[in-house]
Colleague: 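Can you read through this structure? Questions will come right after.
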Amino acid sequence: MKSQHYIDLAERYGAHNYHPLPVVISEAQGVMVKDPEGKVYYDFLSAYSAVNQGHRHPKLIKAITDQLDRCTLTSRAFHNDMMGPFLEKLCHYTGYETALPMNTGAEAIETALKLARRWGVEKKGIADGQQEIIVAENNFHGRTITIVSFSTDPISRNNYGPYTSGFKIVPYDDVAAIEAAITPNTCAVLLEPIQGEAGVYVPSPGYLRAVYELCEANHILFIADEIQTGFCRTGRRFACDHEGVKPHVMALGKALGGGVIPVSAVVADRAVMEVFTPGSHGSTFGGYPLAMAVGIAALEILEDEQLDKNAERLGHIFREFVAAIPCPKMVEVRGKGLLNAVVFEAGFAAWDVCVSLKEAGLLAKQTHGNIIRFAPPLIITEGQLMDGLDIIARVFKDIK
Ligand SMILES: *Cc1c(COP(=O)(O)O)cnc(C)c1O
């Protein structure tokens, strides 16, 4: 069957809650993907940073097939022999005392919000129902009713009311705005260290540190959503590491599952995590053996292949190269590590550029109309990156 047939089927039988590029992927390996016609493409999206380790990394495929042969699901009614080793590995990797495994990123955020609200009552003495959490404009934290309740993107939020209350929205990259929003009922500040979906918006140097210190001074939890920025994407293990900040809570997901299955988690020290007691939170699949085997392998690859260093080094090459392409419509190249974006003039249709890039053999996706995010798998070699950059240069030079 040809690509158009698969697209037609999805259009006919699927909900139209996405608007994908007109390309069908049927095979993938490393940094390359292939369509049913046999054409190969560089994947410069990496499933929104869920495949940092590259498609079908042999170590991940081995880990999941070995585990499939042993045991897949137990539920948390019983112990399993994979969750403990995974939790230990994740705690060592992140530097926290405890971890709580879930499945999707949105569930990790929901878990962090529940953790913060409970902590607010039990550790800070806020009356239940009065807890407030400060969030930023243009945030993206997932798609549940509670999470879209504090989205400022009308497309994500509209007509899903009644909304969950208890959130205060302030401008991003503005410490004074957070300070002004704090009340005795504030239990947490939730931020993305770099706003990915908003268009790879990197805050001013010192912002994350200042927010952390403000939280410390006011007995408030600083929750970092590192779902997209974590696991080496920005050239450090976590984006907060760029400022030497250890948030009180981190929400993790995407690359924790190595592009194989969804694996997410919340990490925090015991004094915070202990507000969860038996029965107060959970998930049938959270911490299941198959996911734990994948999570361990995903973390080992990040360490063994030093993907933070690769992302840091190649990120500089990417930004320097792209900024030097003669393209009058291009306004800015920004990002950290291998999480980068090219911003075009306001009103410019970046979609058309993404279609041209696809024709030329490279997949990337626009966000907010005039911005294209480039985030290849972190296992990419310098040679492969230069190859991809040549494609980008050819397409950009033709932009009228
Ligand atoms: C993708 C993402 C989420 C949501 O993760 P899902 O697995 O899609 O639920 C939350 N926060 C950020 C920053 C993300 O990039």
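Just so you know, ligand 1 is whichever comes first in the structure, and atom 1 is the first atom listed for that ligand. No hydrogens, no waters, no symmetry mates; every other heavy atom, side chains included, goes into these values. Counting begins at 1 with the first residue of the sequence.
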Colleague: Taking only non-hydrogen atoms of F140, do any sit less than 4.0 angstrom from ligand 1?
Modeller: yes
Colleague: With respect to K254, determine whether any N or O atom, backbone or side chain, lies less than 3.5 Å from an N or O atom of ligand 1.
Modeller: yes
Colleague: Check each atom of ligand 1 against the heavy atoms of D225 and keep those under 4.0 Å away; list them by number with element.
Modeller: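 So the answer, numbered in order with elements, is 10 (C), 11 (N), 12 (C), 13 (C).
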Colleague: With a 6.0 Å cut-off on ring centres, are Y207 and Y172 close enough?
Modeller: yes
Colleague: So how far is it from L21 CG to Y41 OH, rounded to the nearest 0.5 Å?
Modeller: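 The OH atom of Y41 is 10.0 Å from CG of L21, to the nearest 0.5 Å.
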Colleague: Regarding ligand 1, does E192 bring an N or O atom to under 3.5 Å of one of the ligand's N or O atoms?
Modeller: no
Colleague: Tell me which part of E107 gets within contact of ligand 1: side chain, backbone, both or neither, using heavy atoms under 4.0 Å.
Modeller: neither
Colleague: Can you list the steps and then say if R117 with D128 is a salt bridge (Lys or Arg N to Asp or Glu O under 4.0 Å)?
Modeller: CA-CA 8 Å; R117 283 182 169 190; D128 190 19; over 6 Å; no
Colleague: Quick one: does ligand 1 sit under 4.0 Å from the side chain of H141, the backbone, both or neither, non-hydrogen atoms only?
Modeller: backbone
Colleague: Pick, from G253, P193, S49, A106, the option with the minimum heavy-atom distance to atom 9 (O) of ligand 1.
Modeller: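 It is A106 whose heavy atom sits nearest to atom 9 (O) of ligand 1.
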Colleague: Does the protein put any heavy atom within less than 4.0 Å of atom 11 (N) of ligand 1?
Modeller: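 Given the 4.0 Å limit, the answer for atom 11 (N) of ligand 1 is yes, a protein heavy atom qualifies.
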Colleague: Once the angle between the rings of Y93 and F231 is folded into 0 to 90°, is it parallel (under 30°), tilted (30 to 60°) or perpendicular (over 60°)?
Modeller: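 Because their plane-to-plane angle lies in the 30° to 60° range, the rings of Y93 and F231 count as tilted.
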Colleague: Report yes if some N/O of I227 lies less than 3.5 Å from some N/O of ligand 1; otherwise report no.
Modeller: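 No: no nitrogen or oxygen of I227 is under 3.5 Å from one in ligand 1.
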Colleague: Among all protein heavy atoms in this structure, tell me which lies nearest to atom 7 (O) of ligand 1, with the distance rounded to 0.1 Å.
Modeller: G105 N, 2.8 Å
Colleague: Can you tell me how the ring of F348 sits relative to the ring of F344, calling it parallel under 30°, perpendicular over 60° and tilted otherwise?
Modeller: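 Rings of F348 and F344: parallel, under 30°.
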Colleague: Within 45 degrees of the ring normal and closer than 6.0 Å to the centroid, is that where the cationic atom of K246 sits relative to Y96?
Modeller: yes
Colleague: Less than 4.0 Å between a side-chain N and a carboxylate O, is that true for E110 and K114?
Modeller: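 Salt bridge between K114 and E110, a charged N being under 4.0 Å from a carboxylate O: no.
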